[in-house]
Amino acid sequence: MRMYDLIAKKKKGAELTTEEIRYMIAGFSDGSIPDYQMSAMTMAICFRGMSKRETVDLTLAMRDSGDVIDLSRIAGTKVDKHSTGGVGDKTSLALTPIVAAVGAPVAKMSGRGLGHTGGTIDKLECFPGFTTELSEETFVKNVNEIGIAIAGQTASLAPADKKLYALRDVTATVDQMSLIASSIMSKKLASGSDAIVLDVKTGNGAFMKEFSDSVALAEEMVSIGTLAGKKTVAVITDMDQPLGYAVGNSLEVLEAIDTLEGHGPKDFTEVVFALGAQMLILAGKAQDEADARAQMERVIADGSAKKKLAEFVAAQGGDASYVFDKTLLPVAAQTCEVTSDGTGYVHRILAEDIGIACMTLGGGRETKESGIDLSVGIILKKKNGDFVKEGETLAVICGNDAAKMEAARQKIKNAYEIHEERRTPEPVVRKYIFSE
Ligand code: URA
């Protein structure tokens, strides 16, 4: 078998066999298939697509490229949660302590930022000393003792996905449905949880921009999870504007803590509750949505969810005092305002451009080797449906470099679509997909 022939086959739109997919992933993992051939293949997949069978084969080949974690030493139904990636998506930071405080064990794998979207690990590194490099022993111990652990994708967990994900990130081949579905599900299936809740983003800031594509992606992932014997639910959530008001690592941590204190943004809180309810139901900790919501409200009101975040940060080496004193979080040196050129209602905020503006400020990675500035970001002052007058502030930029801030300012201004007529914004939770 030759990788050259497989690329040529996919370029013509033919289906790869199970053996061919296994050969390709094995060769890419051991380095015998170089990055340039794999990049050509992923680009061919972007143009030609993959069948459902090919997608399942790719998922299982990537899952089997490394260890499949055994979490049987953790009592109870372990639920994992994963987002397909969004702008301002700090959901895991608030959701996991809430769910753990209610009593469902959270054993989660997280990633770093990808393209214009942020990543949970980068955000958690705002707590000095925090690490997601946990041994399996510590991971299991932390979930058993405090109910929550978040690990990075270790070198041994779906290593083929890790390598492919980094390659896709810098070759404009992220936004392909089968590649996203297999990437996410290979990690989820390798990470040993019993049940999976997927947050599938839809709209301009998502990798899947069309609602119908997001539904198809969600259905594909739910069917892969179910086929592999895991209870899987997907929630499709809106990304036609950033989630919440804060975009950028430390600003998002601050907003997540606000949410744990009960005063988070409405749209963000709703996404947290919708996903949290599904996690609690799958874990057998809530009878139904109403019961789950009542329990989540209770752990926010009595402070135990915020305390759980602090316990979790401390257990993973981070400075938990930051949870109780948000002024300690990294702050950018300068701020500047983005003002509106017109009067009217905000129809849409091109979330992808807001994500790119944040990257421009230094808050995201341009290449897989780039470092990031945790302090920079954007605070939105107007969201979809809001009225804005000419000259009024649309957003505030927090940065450390005047030239970068000026470039971001123009991008953010152009990201706001303002019209005379008001359009009712889409609900943030668009649809649930359950396994059949
Ligand atoms: N998140 C992932 O884990 N993989 C993708 O391909 C996209 C988002």
Side-chain angles (χ1 to χ4, degrees), residues 25 28 38-39 41-43 45-46 49-50 54-56 58-63 65-66 69 80-92 108-124 132 150-155 157-193 196-210 213-214 216-222 224-225 228 230 232 234-237 239 243 275 351-352 355 359 364-365 368:
I25 293 304
F28 180 56
M38 200 62 199
S39 313
M41 174 60 88
T42 52
M43 191 55 87
I45 292 171
C46 284
M50 283 182 117
E54 285 177 296
T55 310
V56 172
L58 180 60
T59 309
L60 300 183
M62 293 202 294
R63 176 197 68 184
S65 66
I69 297 174
D80 198 351
K81 169 259 166 192
H82 194 89
S83 157
T84 56
V87 178
D89 184 10
K90 70 283 301 174
T91 310
S92 292
K108 186 171 158 40
M109 301 286 155
S110 281
R112 294 192 181 274
L114 180 66
H116 65 278
T117 68
T120 303
I121 298 183
D122 295 326
K123 290 168 201 168
L124 283 167
T132 48
I150 296 187
Q153 189 179 347
T154 60
L157 188 107
D161 168 66
K162 189 171 177 139
K163 207 171 162 194
L164 190 58
Y165 187 107
L167 191 67
R168 287 168 53 219
D169 193 21
V170 291
T171 54
T173 54
V174 169
D175 59 350
Q176 203 284 331
M177 196 181 87
S178 299
L179 293 177
I180 297 176
S182 56
S183 164
I184 294 175
M185 294 310 289
S186 64
K187 290 184 286 245
K188 298 296 107 179
L189 297 180
S191 61
S193 61
I196 303 162
V197 174
L198 300 161
D199 179 6
V200 178
K201 304 286 184 196
T202 191
N204 172 273
F207 292 124
M208 293 288 112
K209 310 230 180 292
E210 297 299 327
D213 289 342
S214 307
L217 173 65
E219 287 175 348
E220 182 107 9
M221 290 196 290
V222 169
I224 296 172
K230 312 271 183 193
T232 310
V235 185
I236 302 188
T237 65
M239 202 22 79
L243 187 58
L275 295 166
E352 181 168 12
M359 276 172 77
R365 281 182 191 78
K368 57 181 177 171

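Since we're looking at a predicted model, the values are computed, not measured. No hydrogens, no waters, no symmetry mates; every other heavy atom, side chains included, goes into these values. Atoms within a ligand are numbered from 1 in the order they appear, just like the ligands themselves.
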Approximate separation, where rounding is to 0.5 Å, of Met50 CE and Thr59 OG1: 8.5 Å
For Lys187, the ligand 1 atoms with a heavy-atom partner under 4.0 Å come out as 2 (C), 3 (O), 4 (N)
Please evaluate residues Ile224 and Leu60 with respect to the criterion side chain to side chain contact (heavy atoms under 4.5 Å, CB included), reporting the C-alpha separation (whole Å), side-chain torsions for both, the decisive distance (0.1 Å), and the verdict. CA-CA 9 Å; Ile224 296 172; Leu60 300 183; 5.7 Å; no
Go through ligand 1 atom by atom and flag the ones less than 4.0 Å from a non-hydrogen atom of Ile180. 6 (O), 7 (C)
Counting only heavy atoms, which portion of Asp161 has something under 4.0 Å from ligand 1: side chain, backbone, both, or neither? neither
Within less than 4.0 angstrom of ligand 1, does Val174 place any heavy atom? no
For His82, the ligand 1 atoms whose distance to one of its heavy atoms is below 4.0 Å: 1 (N), 2 (C), 3 (O)
Would you check the N or O atoms of Arg168, main chain and side chain alike, for any that come under 3.5 Å of an N or O of ligand 1? yes
Donor-acceptor pair, distance only, cut-off 3.5 Å: does the side chain of Lys209 make one with the backbone of Asn204? yes
Residues passing the salt bridge (charged side-chain N to carboxylate O under 4.0 Å, His left out) test with Lys162, sequence neighbours excluded, are none
As an exercise, identify every atom of ligand 1 less than 4.0 angstrom from a heavy atom of Thr84. 8 (C)
Is it true that a side-chain atom of Ser214 and a backbone atom of Glu210 form a donor plus acceptor pair closer than 3.5 Å? yes
Geometry only, no angles: is Ser183 polar-contacting ligand 1 at N/O separations under 3.5 Å? yes
Set of salt bridge (charged side-chain N to carboxylate O under 4.0 Å, His left out) partners for Glu54, sequence neighbours left out: Lys10
